[in-house]
Peer 1: 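After the C-alpha cells below, expect a handful of questions from me.
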Amino acid sequence: MSTETILHINVTNLAYIAASVLFILGLKRLGSPATARNGNRLSSIAMLVAVLATITGNDITSWEWILGGILIGSIIGAISARKIAMTEMPQLVAIFNGFGGAASGVIATGELIRLIDSGSIIPQDVSITIMASVIVGGITLTGSFIAYGKLQGLVPTRPLLLPIRNVINIALLIAMFIATVWLVIEPSTTAFFVAGGIALALGILIVIPIGGADMPVVIALLNSYSGIAGAATGFVLGNNMLIIAGSLVGASGLILTRIMTKAMNRSLANVMLGGFGVEDGSNGSDQEEVRPVTSIQADDAATMLAYAQSVIFVPGYGLAVAQAQHQVRELSDLLKEKGISVKYAIHPVAGRMPGHMNVLLAEANVPYDELKDLDEINNEFQRTDVAVVIGANDVTNPAARTDSASPIYGMPILNVDQAQSVIMMKRSMSSGFAGVQNELFFLDKTQMLFGDAKDSVEKITAEVKDL
Amino acid sequence: MFDAEALIIALTVFVLAIFIGYEVITKVPPTLHTPLMSGSNAISGIVIVGALLVAGKSNGVTGQILGSIAVGLAMINVVGGFMVTDRMLKMFRRSGDK
C-alpha cells in the first residue's frame, strides 16, 4: 500500500469518526424542544461529512448512475417532506422505513453480485452478513409497505388472519435458514434470491394480521429494523460508522416500541401475533348498548365550558381524522381569554404513531408546555371542572382500572372519569379498537356530543363567543 | 475462510453503539417522539455510504445500477427525513413565544 493510499484511508476514517460523534450529539440535542432543531441540523451535517468522506476517499469511477440516483432521490424526498400533511406523518415515516430497508437489501444484492463477478472466494463472515442485510432489509421493505397501506386505508385496517399462518411463518423461517446455510457453504445468487424472496413474503405476513390501532408499535419496530438493516450493511462492508449510525436508529426504534407496548399493557409478542381487536361478540355487548347515555348539543357544551375554571382536552386519533386541531386551539384560546385554565392530556398511544398528537397540536400553534403526559396530568383530573374527550376512546375507559374481566384491564389510562364533568365528542356509540364498550359513556357526569369533531368544536366556539 | 477477528471488532462496535443509543434516546421527551422517528429515519439513510461504495466500485453494469438505485432510495430517506423533521421542529414553541 502506498503512503498516499494509507493517508487517504486515515482521513476518511477520521471523518467517519467525526460523523459518528455528530450523529450522537444530534440525537442528544433531541432531548429538549429548545435544542432539537439544532440537533437535527447536526445530524444532517454528520450525513454530509460521511458522504463527502466516502466520495473523496474512494476511487469512484462511474458517476452517471450515481448522480442520477442522488438527484432523483433528493427530489422525491424534498417534495414529500414539503407536501405531507401532519396528519399523514405516520404514513410518511412508514414508507421511508420501507425505502431504508430496500436500500440495505439492494446494497447487499449489489455487493454479492460484485463479489461473484470478481471471481474471488467470498469469506463466510461476508456471506453471513450479506444474508442478514438482505433478510432484515426485505422484511422491513414489505412490512413497511403493508403498514403504509393500512394507515392510508389501501389495505383493510382490521387484522387479516390466515388460518394456519403460524405454520406458514415457521415453514418460511426454516426455508430461509436453509437458504442462508446454502449460500454460506456455496455462494450462489439462487440461494440468495430464495432467502430474499422469503424475507419479502414474511414482511407481508407479519404485518397483515396486525390491527390499525397497533400501528404505532409496528412503525416503531420497523423503524428499529431499518436501523438494524443499516448496521447489517455496515457489517457487510466492514464500515464502523454505518454500524454505529444503524445501531442508534435500532435502539431508538426499540425504545419507542417498548414505550408503546407498555402504554397498551401488552407484550410485543401479543402485538405481533396479531388478531387483537377482532370482534368475537362474546361479551354480550348488544345488551350494553341499550344502557342510557346523556347526550347534549353544542350550546350546552359551550355553557359548561364557559363557566368552568379548569378544562382539560383529551385528544385522540379522531381529532387527527377530523383534522380538528386548529379549531380546538381556537376554542382553547377563547377559554384562556376568559381566565380558564386549559391543558391537554396526551396518552402515549393516542394517534397512529408515537408523539403524533403533539405534532398535530404544535402545528396548530399549541405551546408544547400545555401538553401533559399521562403521569403529569392524571392527578389533575379530580381538580378539573370539565374534561373534553375528542376522538379518544379506549385510553379513557375506566374499566381498565376497575374491571379485571375487561380485555384492556391493567392498561394505563387517562383518569378522565375523575373530572367533575366530561364532554365526550364522538361520531357514534361504536366501541373503540379493543372492541370493548367504554364505561365512561354511561356515567352520570358524562355528556355525549355526537357529530364530526371539527364541526362540533366550531359550533361550541361560536356559542362561547355569543355568551 | 472466516475472519473472526473482524467480525468480533464489528460486534463490539455494534453492542457499544446500541448502549449509547439507549442512554441518549431514553432522554427524549414523549412530545418529540414523532420528530425522533423521522429524524432517526433520516439517519438510517446512512446506508447511502454503502450504496456509493457498491455503485462506485462495481465493474459490471448490474452492480452500478443496483448501487445507484440504493443511492436513490437512501437519498429519499436522507433529504426527506431531515427536511420533514426540521419542518416539524420549527412548529414547536413554548407559551409566550411568538
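In what follows, chains carry the letters A, B, and so on, assigned in the order in which the sequence lines appear, proteins first and then strands, with residues in each chain numbered from 1.
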Peer 1: Over all heavy atoms of both residues, which pair between A:L237 and B:L53 is shortest? Give the atoms and the distance, please.
Peer 2: CD1-CD1, 4.4 Å
Peer 1: Given heavy-atom pairs under 4.5 angstrom as the criterion, report whether the side chain, backbone, both or neither of A:D373 touches chain B.
Peer 2: side chain
Peer 1: Cut-off 3.5 Å, side chains only: do B:S40 and A:N223 have a donor facing an acceptor?
Peer 2: yes
Peer 1: Could you pull out the closest heavy-atom pair between B:M83 and A:A81, with the gap in Å?
Peer 2: CB-CB, 3.6 Å
Peer 1: Apply side-chain contact (heavy atoms from CB on, under 4.5 Å) to A:V249 and B:I46, showing your working.
Peer 2: CA-CA 10 Å; A:V249 179; B:I46 190 68; over 6 Å; no
Peer 1: Select one option (side chain, backbone, both, neither) describing which atoms of A:I66 are under 4.5 Å from chain B's heavy atoms.
Peer 2: both
Peer 1: Pick whichever of A:M241, A:R82, A:E64 has the most heavy-atom pairs under 4.5 Å with chain B.
Peer 2: A:R82
Peer 1: Of the listed residues (A:N239, A:I84, A:V51), which shares the most heavy-atom pairs with chain B below a 4.5 Å separation?
Peer 2: A:I84
Peer 1: Can you measure from OG (B:S44) to CG (A:L248) and round to the nearest 0.5 angstrom?
Peer 2: 11.0 Å
Peer 1: So for A:K83, is it side chain, backbone, both, or neither that comes closer than 4.5 Å to the heavy atoms of chain B?
Peer 2: backbone
Peer 1: Can you tell which part of A:I244 gets under 4.5 Å to a heavy atom of chain B, answering side chain, backbone, both or neither?
Peer 2: both
Peer 1: Can you list the residues that meet the side-chain contact (heavy atoms from CB on, under 4.5 Å) rule with A:I45, with sequence neighbours excluded?
Peer 2: A:L22, A:V49
Peer 1: With a 4.5 angstrom heavy-atom cut-off, could you sort out which part of B:A10 is near chain A: side chain, backbone, both or neither?
Peer 2: both
Peer 1: Among the options B:G60, B:A6, B:A42, B:P29, pick out the one with the most heavy-atom pairs lying under 4.5 Å from chain A.
Peer 2: B:P29
Peer 1: Which atom names give the shortest non-hydrogen contact between A:I107 and B:A70, and what distance separates them?
Peer 2: CG1-CB, 3.6 Å
Peer 1: What part of A:L92 is in contact with chain B, defined as an atom under 4.5 angstrom from a non-hydrogen atom: side chain, backbone, both or neither?
Peer 2: side chain
Peer 1: Give the member of B:G21, B:G72, B:G81 that has the highest number of heavy-atom pairs under 4.5 Å with chain A.
Peer 2: B:G72
Peer 1: Please give me the minimum heavy-atom distance between B:T31 and A:P33, naming the atom from each residue.
Peer 2: CG2-CG, 4.2 Å
Peer 1: So which part of B:S95 gets closer than 4.5 Å to some heavy atom of chain A, the side chain, the backbone, both or neither?
Peer 2: both
Peer 1: For B:V49, is it the side chain, the backbone, both, or neither that has a heavy atom closer than 4.5 Å to a heavy atom of chain A?
Peer 2: both
Peer 1: Checking heavy atoms, do the side chain of A:S20, its backbone, both or neither come under 4.5 Å from chain B?
Peer 2: neither
Peer 1: Search all heavy atoms of A:A103 against all heavy atoms of B:V47 and return the closest pair with its distance.
Peer 2: CB-CG2, 3.8 Å
Peer 1: Which answer fits A:I72, side chain, backbone, both or neither, if we ask what part of it has an atom under 4.5 Å from a heavy atom of chain B?
Peer 2: neither
Peer 1: Before you tell me yes or no, could you show the steps for B:H33 and A:N358 under side-chain contact (heavy atoms from CB on, under 4.5 Å), namely the whole-Å CA-CA distance, both residues' side-chain angles and the distance that decides it to 0.1 Å?
Peer 2: CA-CA 9 Å; B:H33 278 168; A:N358 306 70; over 6 Å; no
Peer 1: So which of A:I24, A:V93, A:I79, A:I259 has the largest heavy-atom pair count under 4.5 angstrom toward chain B?
Peer 2: A:V93
Peer 1: Is it the side chain or the backbone of B:L16 that comes within 4.5 Å of chain A heavy atoms, both, or neither?
Peer 2: neither
Peer 1: Let's test your reading of the structure: which of B:V15, B:L11, B:V61 forms the most heavy-atom pairs below 4.5 Å with chain A?
Peer 2: B:L11
Peer 1: Taking the side chain from B:R94 and the backbone from A:D369, do they hold a donor-acceptor pair closer than 3.5 Å?
Peer 2: no
Peer 1: Do you know the tightest heavy-atom contact between A:S32 and B:L32?
Peer 2: C-CD1, 3.7 Å
Peer 1: Taking every non-hydrogen pair under 4.5 Å, which of B:V71, B:I76, B:I65, B:I25 racks up the most with chain A?
Peer 2: B:I76
Peer 1: Run the side-chain contact (heavy atoms from CB on, under 4.5 Å) test on A:L30 and B:L89 for me, step by step, so that the C-alpha distance in whole Å, both residues' side-chain angles and the decisive distance to 0.1 Å come before the verdict.
Peer 2: CA-CA 10 Å; A:L30 272 183; B:L89 291 173; 4.2 Å; yes
Peer 1: Less than 4.5 Å apart, side chain to side chain, heavy atoms only: is that true for A:L27 and B:I43?
Peer 2: yes
Peer 1: In terms of heavy-atom pairs under 4.5 Å, which option from A:G77, A:A53, A:A19, A:G26 contacts chain B the most?
Peer 2: A:G77
Peer 1: Do side-chain atoms of B:N77 reach the backbone of A:F99 as a donor and acceptor pair under 3.5 angstrom?
Peer 2: no
Peer 1: Contact between A:K28 and B:K27 at the side-chain level, heavy atoms closer than 4.5 Å - yes or no?
Peer 2: no
Peer 1: Could you have a look at A:L371, A:I70, A:T233 and say which one has the most heavy-atom pairs with chain B under 4.5 angstrom?
Peer 2: A:I70
Peer 1: Shorter than 4.5 Å, heavy atoms on both sides: which option in B:L52, B:T26, B:I48 has the most such pairs with chain A?
Peer 2: B:L52
Peer 1: CG of A:L256 to CG of B:L36: how many Å apart, nearest 0.5 Å?
Peer 2: 5.0 Å
Peer 1: Which region of A:A231, side chain (C-beta onward) or backbone (N, CA, C, O), has a non-hydrogen atom less than 4.5 Å from a non-hydrogen atom of chain B, or is it both or neither?
Peer 2: side chain
Peer 1: State, with a plain yes or no, whether a side-chain heavy atom of A:N40 is found less than 4.5 Å away from one of B:P35.
Peer 2: no
Peer 1: Of all residues at least two apart in sequence or in a different chain, which pass the side-chain contact (heavy atoms from CB on, under 4.5 Å) check with A:L115?
Peer 2: A:E111, A:I122, A:V126, A:I130
Peer 1: Apply side-chain contact (heavy atoms from CB on, under 4.5 Å) to residues B:F92 and A:V359 and explain how you reach the verdict.
Peer 2: CA-CA 8 Å; B:F92 279 84; A:V359 169; 4.1 Å; yes
Peer 1: Chain B heavy atoms under 4.5 Å from A:F96: which part of the residue, side chain, backbone, both or neither?
Peer 2: both
Peer 1: Identify which part of A:R29 has an atom lying under 4.5 Å from any heavy atom of chain B, answering side chain, backbone, both or neither.
Peer 2: neither
Peer 1: Can you tell which of A:L242, A:V366, A:I113 has the highest number of heavy-atom pairs within less than 4.5 Å of chain B?
Peer 2: A:L242
Peer 1: For B:I18, is it the side chain, the backbone, both or neither that has a heavy atom under 4.5 Å from a heavy atom of chain A?
Peer 2: both
Peer 1: Sort A:I75 into side chain, backbone, both or neither according to what part of it lies under 4.5 angstrom from a heavy atom of chain B.
Peer 2: neither
Peer 1: Non-hydrogen atoms of chain B under 4.5 Å away: do they reach the side chain of A:A220, the backbone, both or neither?
Peer 2: both
Peer 1: Under 3.5 Å, side chain of B:T34 to main-chain N/O of A:H356, donor-acceptor pair present?
Peer 2: yes
Peer 1: Look up atom CE in B:M37 and atom OG in A:S226, then write down how far apart they are to the nearest 0.5 Å.
Peer 2: 8.5 Å
Peer 1: Judged by atom type as modelled, is there a donor-acceptor pair below 3.5 Å linking the side chain of A:R114 to the main-chain atoms of B:V54?
Peer 2: no
Peer 1: Is any side-chain heavy atom of A:S43 closer than 4.5 Å to one of B:F82?
Peer 2: yes
Peer 1: Report the option among B:V84, B:V13, B:N41, B:L66 that has the most heavy-atom pairs separated by less than 4.5 Å from atoms of chain A.
Peer 2: B:N41
Peer 1: Quick one: what part of A:I95 sits under 4.5 Å from any heavy atom of chain B, side chain, backbone, both or neither?
Peer 2: neither
